[in-house]
Student: 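One structure, as structure tokens, below. Some questions next.
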Amino acid sequence: MNKVDVKEIDKRWQDFWSKNKKSFKNSKKKEKFYCLEMFPYPSGKIHMGHVRNYTIGDVLARYKSMNGFDVLHPMGWDSFGMPAENAARENKLSPKDWTKKNIATMKRQLQSLGLSIDWDLEISTCDEEYYKHQQELFIDFYNKGLVSRKETYVNWDPVDETVLANEQVINGRGWRSNAIVERKKLSQWFFNISKFSNELLEDLEGLKEWPEKVKLMQKNWIGKSIGCEIDFVIEGNEKKLKIFTTRPDTIFGATFLAVSVDHPLCKNLEKKESFIEFKKKSSQVGTTEEAIANAEKIGFDTGLKARHPFIKNKKIPIFVANFILMDYGTGAIFGCPAHDQRDFDFAKKYKLEIIPVVNSEKKLESNKMKEAYTGSGKMTNSEFLNNLNVEAAKEKIIEKIEAKKIGNKKTSFRLKDWGISRQRYWGCPIPMIYLKDGSVVPVEKSELPITLPENVDLNSKGNPLENHPTWKKTKHKKTGQSATRETDTLDTFVDSSWYFIRFCSPKLKDRPFDEKALSYWMPVDQYIGGIEHAILHLLYSRFFMRAIKLNDKKIKIKEPFKGLFTQGMVCHETYKNQNGDWVSPEEIKKIDKSKLIIGAPEAMSKSKKNVIDPQSMINIYGADAIRWFMLSDSPPDRDIQWSNEGVAAANKFVQRVWLLNSKILERKEKESSKDEKNFLIKINKYLFKITNLIEKFQLNVAIASIYEAIRFLEESLEKNIKNQCFLNTQIKIITALMPFMPHLSCECLLRLEGKDFYSKIKWPSIENSLLIEEEVTIVIQVNGKKRGLILMKKDTNEDEVIRESRKIQNIEKNLKDKKIVKNIFVKNKIINFITT
RNA sequence: GCCCUCGUGGUGAAAUGGUAGACACAAAGGACUUAAAAUCCUUGCCCGCAAGGGAGUGCCAGUUCGAGUCUGGCCGAGGGCACCA
């Protein structure tokens, strides 16, 4: 009978919150807390992943707010990107209209979750008001030398007809289209992120509140290696060939040089038919990274020889090899087959010399080696390096190389500059123009924004801006000469690399950000999002923060995200019918169960048809139950598995709390007694636990404690506790429930406290005096095995505990006929009798 | 191949070196009901009517009075990187 209508309370409190917005004031007395969840791409409607992400953030934002923090909790839209173009083609809606429509839907959906988001701060990256400032930042970066234009091979996606960044190529395929990526040479815009390689690497250490896993992934991505560059002189033409190595110590084992197919040295070979054929063959090795890695090592003998810099009269052949990368190091190496597996394979194939220069425990013999030895050991066959260990040899040889002026110690990074050009329409136009004399200059800031034209043809292939009849025609403002606009747009990762900064002053018209607002709110105290952004988005954002700092001396912040949390995915069982087709959870009801193949739970995805629509679940169970379930089953950083029973249980709990609340309101007055003290102690302990668990982000355990607290209250209804005491206690527990179930919590508090409860909401305080327990349970062990429990006054001494525990029959039974050698006693915890 | 993380009931999971399985789901049994729904109670495994006992946190060792937790080795699963010289 006494049930709460979840739909009704959802609506009531969402309306209430939008009318009773907390004033957004910069109160100096409070400590700020910037809580940010990764903003969504407006694909159409929200999915469970969003629900999980934003619920985690909301619990934290509400908790911090209730604890007196000045909380910034904004939301926006990562609204440029290809799906809008694809949808435009299919639905005859312009990318702009399609995006706007999606944003409206998704905003409504997010609001139906009851998130404490300040919607006054909403931004959308496809708005002129946003990308205008992005163009300004681009020009600033350009002027600071952080932007460059390079002719490079790019990853060309033949389906999307666009260029992909290396990181957007997954196993040789486009991350969105899944098409096999081709190599193509194009002139592209780059952010010179590699200028910050070392800084980006070293500053990872200062990010104490980031998951180690993410830091490690970034570290590997940046890929620092310390080595040495060495010039080899080519016999005959006396030209120098610069190589990079991390093992200069093995130089006496060098038996060949190898350069990349794209190395300048190959220029002379381009006409040779045998070389053209070799080049063709070397580009034909499969497409996946794994195939490339495992591809056969092939080489082309240039016929050239280089002089060994340390061995007189020794000449070694120069090869072109398919496993040498042009964009790492110098695009050239020396091969030491004895101590590098790739070189070893190569040497075996081309019958090159193998000279061991590092001895393992057994002495290496070149003709008996089956694989390269890459371990440590003492140097041999290496003249002045002999008998040194690898590390010492490295140092000594670098000294020698530098003294001889044939090379230098050198650090190389795997991290490459960030290609930001995209041949797409739905992105931020790059504010550069091409003059007739061939020069490329930025547009004047006063001309910003460079807006996208609305009447574009998206049906032809290629770049729509390039194909537009008039858009690219413009004039150079300074000289008046006619010019052409850059028709590439920016990678959407650029849009998301500074949105968190824009949130600090989202309405500012003339500049990207207000320095004061930025300095107050940044860095983001807690950033929450998916692990899939562990490398790119976070690295690019870290670059942007540094670039902005470089450009504006008033900015002191380097790291944009102080705390990072990566939440797990939402999974669901997968189903297939007998034909092997995926079947959705709704469809399985209609299928004969014996013909259904139930697969492992996997991340919800449209392709596997295992998606549950959040909106329909909210409509059935209410926002609170969905929020609760998203957090209750697993730790927030682990995957959770969606189950209908789980949500139903959360909904049951909503009703249980409501019933308890009603019972308390109708409760008959009782006498105060000893029960009351114990009652308060226990509740205080629960609150202490819940508080700590939220602080530690163990939200699933915090929820378990709330379950326990509610059960304890239910069980205490009949005890001798004054109504007022019970009511106050209920207020505390229901307040602690608020971050998780804000609608139910408000509804209950309204009944408990009356109309103006909302202004009084504060996280319940913990009374330290009540945390001191009067009685403790002590474990009694015999030889480390539990044989009993005993309840004792706190801080009872050893003798007393021993005396009392020996009164227990079962303990005596276990000690009978045995001699006690010693006792292990830990106060308030354990007594352990050790016998012979 | 290299690097990282994780292995606890039928399931998701708890557990500052000190009562393993909190909390929740499922299943089975029971209570209430004419019946069902809803609700509530009981139940990890083996022996036992019970009291109690035995085994038990992937496997094998070690440290410790005491190990899910610490150390070493092995096995398995997942993730990241991948010809980076």
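As the structure is a computational prediction, the values presented were derived from the model and not from experiment. To find a chain, count down the sequence lines: A is the first, B the second, and so on, and within it residues start at 1.
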Student: A:Tyr707 and ring pair (Phe, Tyr, Trp, His ring centres under 6.0 Å): which single residue from A:Phe653, A:Phe712, A:Tyr686 fits?
Tutor: A:Phe653
Student: Whole angstroms only, please: what is the NZ-C1' distance between A:Lys785 and B:A20?
Tutor: 13 Å
Student: Please give, in whole Å, the distance from B:G12 P to A:Gln698 CD?
Tutor: 19 Å
Student: Rounded to the Å, how far apart are A:Ile830 CD1 and B:U19 P?
Tutor: 7 Å
Student: Just how far, in rounded Å, is C1' of B:G53 from CD1 of A:Ile811?
Tutor: 14 Å
Student: In this structure, how many angstroms lie between the P atom of B:A85 and the CZ atom of A:Phe346, rounded?
Tutor: 18 Å
Student: With the side chain of A:Trp221 defined as its heavy atoms from C-beta on, choose the nearest nucleotide among B:A82, B:C23, B:C3.
Tutor: B:A82
Student: Is the base of B:G9 syn or anti, where syn means the angle lies within 90° of 0?
Tutor: syn
Student: Closest approach to the side chain of A:Phe244, judged atom by atom: which nucleotide of B:A85, B:G80, B:A24 is it?
Tutor: B:A85
Student: Using whole Å, report how far CD of A:Glu371 lies from P of B:G1.
Tutor: 11 Å
Student: Within the 3.5 Å criterion, strictly below it, is a donor on A:Asn828 or A:Asp795 matched to an acceptor on the partner's side chain?
Tutor: yes
Student: If you check the A:Arg414 side chain, which of B:A82, B:A20, B:A85 turns out closest?
Tutor: B:A82
Student: If you check every side-chain atom of A:Thr246, which of B:C65, B:A85, B:A20 has the closest atom?
Tutor: B:A85
Student: Decide yes or no for A:Gln341 and A:Glu371: does some side-chain heavy atom of the first lie under 4.5 Å from some side-chain heavy atom of the second?
Tutor: yes
Student: Quick one: CZ on A:Phe629 to OH on A:Tyr621, what's the gap to the nearest 0.5 Å?
Tutor: 10.0 Å
Student: Report the nucleotide, chosen from B:A24, B:A85, B:G18, that has the shortest atom-to-atom distance to any side-chain atom of A:Asp633.
Tutor: B:A24
Student: So, does A:Asn700 get its side chain near the phosphate of B:A14, meaning an N or O under 4.0 Å from OP1 or OP2?
Tutor: yes
Student: Grab the CD1-P distance between A:Ile398 and B:A85 for me, whole Å please.
Tutor: 14 Å
